[in-house]
Amino acid sequence: MLDIAESAHAADLGLTWDNAFERLGGQFYTRLPPVPLHGQPYWVARSAAMACELGLADDWWQALGVLQAVSGNRPLVGSTPLASVYSGHQFGAWAGQLGDGRAILLGEVRTPAAGTQELQIKGSGLTPYSRMGDGRAVLRSSIREFLCSEAMHALGVPTTRALCVTGSDEPVRRERMETAAVVTRVAPSFIRFGHFEHFSHGGQHDALRTLADFVIARFYPQCRDAANPYAALLAEVTRRTAALIAQWQAVGFMHGVMNTDNMSILGLTIDYGPFQFMDGFDPAHICNHSDHQGRYAYERQPQIGHWNLFALGQALLPLIGQSDQALAALQAYPGLFAAELDQRMALKLGLPRASAGSRPLVQQLLALLARERTDWTIFWRRLARQVAGDTQQPVRELFHDRAAMDHLLLQYQELLTHANKAQTADLMLKHNPSLVLRNHLAEQAIALAQQKDFSMVQALHEALQRPFDEQPGHADWCNFPPDWASQIQISCSS
Ligand code: AMP
Ligand code: MG
């Protein structure tokens with residue numbers, strides 16, 4: 001609780017805070033306030049859509065103390081800030097204790113339509129889990145996280161959300177000097193596979209059970225009545241993770257750091273770092289400059305998802321009891337993933353369901369795209385527009401080997417013989433975005449933001465909220481990346 005001197009200074013945002021995670025007990029976290037940013041923080045980006053979902057008034061941003069509070073510069077009335085502890089496997093090796101090294105959970109709020117949502121500020125200073133880090137996040141990575149989490153949401157991919165970014169002139173050392181920023185993130189829970197690994201590997205099985213029971217009660221209540229609730233939990237997380245990664249593959253998203261501490265127990269995309277959307281299709285593409293082995297290359301994401309689930313299964317074993325039950329849950333992954341990916345690719349082709357005809361066509365298409373390094377987003381969007389009757393930019397012109405493409409287009413036409421053309425086109429335009437957050441777009445917005453011009457961050461944010469619409473005002477954003485885009489290097493350090 002805040003003392004009187006502090007509460008006089010504290011911001012009252014008119015939110016009713018709770019913090020169920022805090023009630024789990026002291027072994028799960030350290031209570032501490034955020035470390036204020038030096039100087040006067042300023043707004044960089046705000047998501048009106050997210051604010052609306054949280055039930056905040058339109059003018060909430062202007063309220064006294066809001067800017068200071070989400071920057072970590074003022075305590076919040078009713079909030080119980082804490083940093084949680086977790087562990088994890090990083091790049092395939094056990095990393096031991098990690099934790100919220102630069103994030104503070106402010107608490108949770110009840111929303112009008114989206115249930116209970118936790119608010120977390122990232123970049124909010126040192127915690128007991130900061131290890132070698134400085135507890136800060138730079139403006140560049142904060143803008144990337146804000147834009148991409150909101151873009152993924154609009155694409156229909158499960159993800160943590162972002163409410164806002166605030167910036168400051170506080171210098172932060174990375175490869176070069178940058179400035180500090182804070183992102184306010186929103187999710188039903190920020191619990192990761194690594195939270196379970198922490199208590200399992202540390203032999204704290206009572207805490208492990210407390211955590212699992214909490215997650216089941218709140219997020220997987222259907223598991224409670226299963227013969228083995230913990231095996232049922234593993235099976236459900238397996239299902240959600242398979243579905244999530246199938247969606248990543250279909251939209252061409254690469255996470256870049258799929259360590260087990262970056263895997264959400266709710267199957268959400270979490271911890272946006274060196275992520276990238278595929279430009280020219282290269283299944284072996286590695287988006288993280290620090291990933292020398294290509295462990296997290298595009299084509300390896302599905303099997304890494306499975307590997308990470310094994311780490312979770314191992315952690316849950318003391319609760320599940322029987323290894324065959326854990327294995328049964330985990331062995332469902334390849335089938336679940338393949339079925340979900342099949343379905344996603346069928347939708348990209350405008351087919352309501354995958355079929356014996358769609359699967360080989362998809363395989364041949366992917367092989368041709370890979371051979372020619374065809375732009376992933378542009379290929380699918382042009383195909384959709386062509387099916388919708390737009391003949392301006394024929395898909396075949398994207399290829400050197402036009403004969404190969406013509407052959408596949410014929411096969412495709414045969415598949416569509418009995419389909420309703422309008423329905424097919426409609427499905428395609430709803431599953432093949434015109435706009436994704438390509439690295440070079442984020443880079444341009446960041447370069448301006450570093451000069452305190454936030455107009456492109458805002459414009460990109462707005463356009464990315466409607467990724468399936470044509471973007472007449474921003475045709476260049478939907479076009480091929482410039483040559484310099486392939487030189488962009490994004491690493492773990494952010
Ligand atoms: P990541 O792989 O970026 O999600 O980070 C792995 C771990 O390092 C997490 O426990 C983070 O909280 C921590 N971490 C990353 N960057 C920093 C930083 N600048 N200061 C403190 N901790 C950090
Ligand atoms: Mg992380």
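For reference, positions follow the sequence shown, starting with 1. Both counts, for ligands and for their atoms, begin at 1 and track the order of listing.
Among Arg131, Gln90, Arg102, Lys122, the residue whose heavy atom sits closest to atom 17 (C) of ligand 1 is Arg102. Of the candidates Ile270, Asn262, Val257, it is Asn262 that places a heavy atom closest to atom 1 (P) of ligand 1. Residue Gly99 holds the heavy atom nearest to atom 11 (C) of ligand 1 of all those in Ala83, Ser84, Gly99. When the options Ser87, Gly101, Gly125 are ranked by their closest heavy atom to atom 21 (C) of ligand 1, first place goes to Gly101.
Between His195 and Phe199, a ring centre-to-centre spacing not shorter than 6.0 Å is recorded. A ring-centre distance under 6.0 Å is found for His461 and Phe146.
Ring pair His255/Trp248 is parallel by interplanar angle, where below 30° counts as parallel and above 60° as perpendicular. Note on ring orientation: taking the six-membered ring where Trp is involved, the planes of Phe275 and Phe277 are perpendicular (angle over 60°, cut-offs 30° and 60°).
Looking at heavy atoms from C-beta onward, Arg102 lies out of side-chain contact with Ser130 at the 4.5 angstrom threshold. Glu118 places a side-chain heavy atom less than 4.5 Å from the side chain of Phe190.
Not a single N or O atom of Leu98, backbone or side chain, sits closer than 3.5 Å to an N or O atom of ligand 1. Residue contacts with ligand 1: Gly133 is placed with no nitrogen or oxygen under 3.5 Å of a nitrogen or oxygen of the ligand (distance criterion only). Close N/O approach between Arg136 and ligand 1 is found [any backbone or side-chain N/O within under 3.5 Å].
Residue Arg174 places its CZ atom among more than 12 non-hydrogen atoms of other residues, nucleotides or ligands, all under 6.0 Å distant. Other residues, nucleotides and ligands contribute only 12 or fewer heavy atoms inside 6.0 Å of the NE2 atom of His289.
At distances below 3.5 Å, at least one donor-acceptor pair connects side-chain atoms of Glu108 with backbone N or O atoms of Ala20. Within the 3.5 Å criterion, the main-chain N or O of Phe196 finds no donor-acceptor partner in the side chain of Tyr86.
Looking at Arg174 against ligand 1, only its side chain comes within 4.0 Å, counting heavy atoms. At a heavy-atom distance under 4.0 Å, no atom of Tyr129 approaches ligand 1.
The Gly135 neighbourhood of ligand 1 comprises atoms 18 (C), 19 (N), 20 (N), 21 (C), with distances under 4.0 Å to a heavy atom of that residue. Ligand-side atoms of ligand 1 in range of Asp261: 6 (C), range being under 4.0 angstrom from any heavy atom. Near Asp271, with a cut-off below 4.0 Å to any heavy atom, the atoms of ligand 1 are 4 (O).
When the N, O or S atoms of Asp271 are ranked by distance to the Mg ion (ligand 2), OD2 comes first.
The closest protein non-hydrogen atom to atom 19 (N) of ligand 1 is Asp134 OD1, 3.0 Å.
With 2.8 Å as the limit, Asn259 does not count as an N, O or S neighbour of the Mg ion (ligand 2).
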